[in-house]
Amino acid sequence: MIQEDFEQHVVKLQNALLGFAKSLTHNEDEAKDLLQETSLKALSNKAMYDDSGSIKSWLYTIMRNLFLNCRRHSSRQESLPTDFEIPDTDDMQGGIEGEDSFSTIDVQRIMLWICCLLIIVSFLVYTCKDIVMTK
């Protein structure tokens, strides 16, 4: 499959993929993030796609794996305390003015983003390493 056809197929399946992402995450924003990560991973790994299979199935598998990997990672992180005590700004020189507090949900979303970014970065590092070693 040529590059343009592949990209057109990925774009054409965005609505179906978003629906699947919503069924996994039960959250509109997280579903959109998952869709973006899935599309990025698919487009950066076009060479791994086998033309004999269904592109829709391949994209669904990528999305499901990304979701499960991030969920596994975030469930491990839930055991970490998220209610840190921030010292008074009076005790710190040049401290932060005002009181900003993060809810547990905010912390979990940040951790989910970090997880997804780490997965992408590690994947790209190994992919580049394989490319360099094969040359």
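Keep in mind that what you see is a predicted model, and the values were worked out from it rather than measured.
- Connection of Leu43 to Leu35 is established within a shared hydrophobic cluster, with ILVMFWY side chains joined at heavy-atom distances below 4.5 Å, either directly or through further cluster members.
- To the nearest 0.5 Å, the span separating SG on Cys70 from CG on Asp33 amounts to 10.0 Å.
- For the pair Thr38 and Leu59, the tightest heavy-atom approach, listed with the atom from each and the gap, is CG2-O, 3.7 Å.
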Would you please test Trp113 and Glu37 for side chain to side chain contact (heavy atoms under 4.5 Å, CB included) and show each step? CA-CA 10 Å; Trp113 263 105; Glu37 298 300 325; 3.6 Å; yes
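- Atom CG of Asp29 and atom CG of Leu112 lie 11.5 Å apart (nearest 0.5 Å).
- Of the inter-residue distances, the one linking Met48 atom CE with Lys41 atom NZ reads 8.0 Å to the nearest 0.5 angstrom.
- The structure places CG of Leu66 at 11.0 Å from OG1 of Thr61, a figure rounded to the nearest 0.5 Å.
- Listed here is the closest heavy atom pair of Ala21 and Ala31: CB-O, 3.5 Å.
- For Thr25, there are no side chain to side chain donor-acceptor pair (under 3.5 Å) partners, not counting sequence neighbours.
- Judged as a salt bridge (charged side-chain N to carboxylate O under 4.0 Å, His left out), and not counting sequence neighbours, the contacts of Lys32 are Glu28.
- Asn15 is linked by a side chain to side chain donor-acceptor pair (under 3.5 Å) to nothing, counting only residues two or more places apart in sequence or in another chain.
- Both Phe20 and Leu68 are assigned to one and the same hydrophobic cluster, defined by single-linkage of ILVMFWY side chains at heavy-atom distances under 4.5 Å.
- Between the side chain of Asn27 and the main chain of Glu30, a donor-acceptor pair closer than 3.5 Å is present.
- Under the rule for a side-chain contact (heavy atoms from CB on, under 4.5 Å), the partners of Asn69 that lie at least two apart in sequence or sit in another chain are Arg72, Ile119.
- A heavy-atom distance below 4.5 Å is not found between the side chains of Leu13 and Tyr60.
- Every residue was checked against the side chain to side chain donor-acceptor pair (under 3.5 Å) condition with Ser23, not counting sequence neighbours, and none meets it.
- When side chains are defined from C-beta on, Leu17 counts as touching Gln14, because their heavy atoms get closer than 4.5 Å.
- Among residues two or more places apart in sequence or in another chain, the side-chain contact (heavy atoms from CB on, under 4.5 Å) test is passed with Leu118 by Ile114.
- Taken to the nearest 0.5 Å, the CG atom of Asn45 stands 8.5 Å off from the CG atom of Leu40.
- Rounded to the nearest 0.5 Å, atoms CH2 (Trp58) and NZ (Lys46) are 9.0 Å apart.
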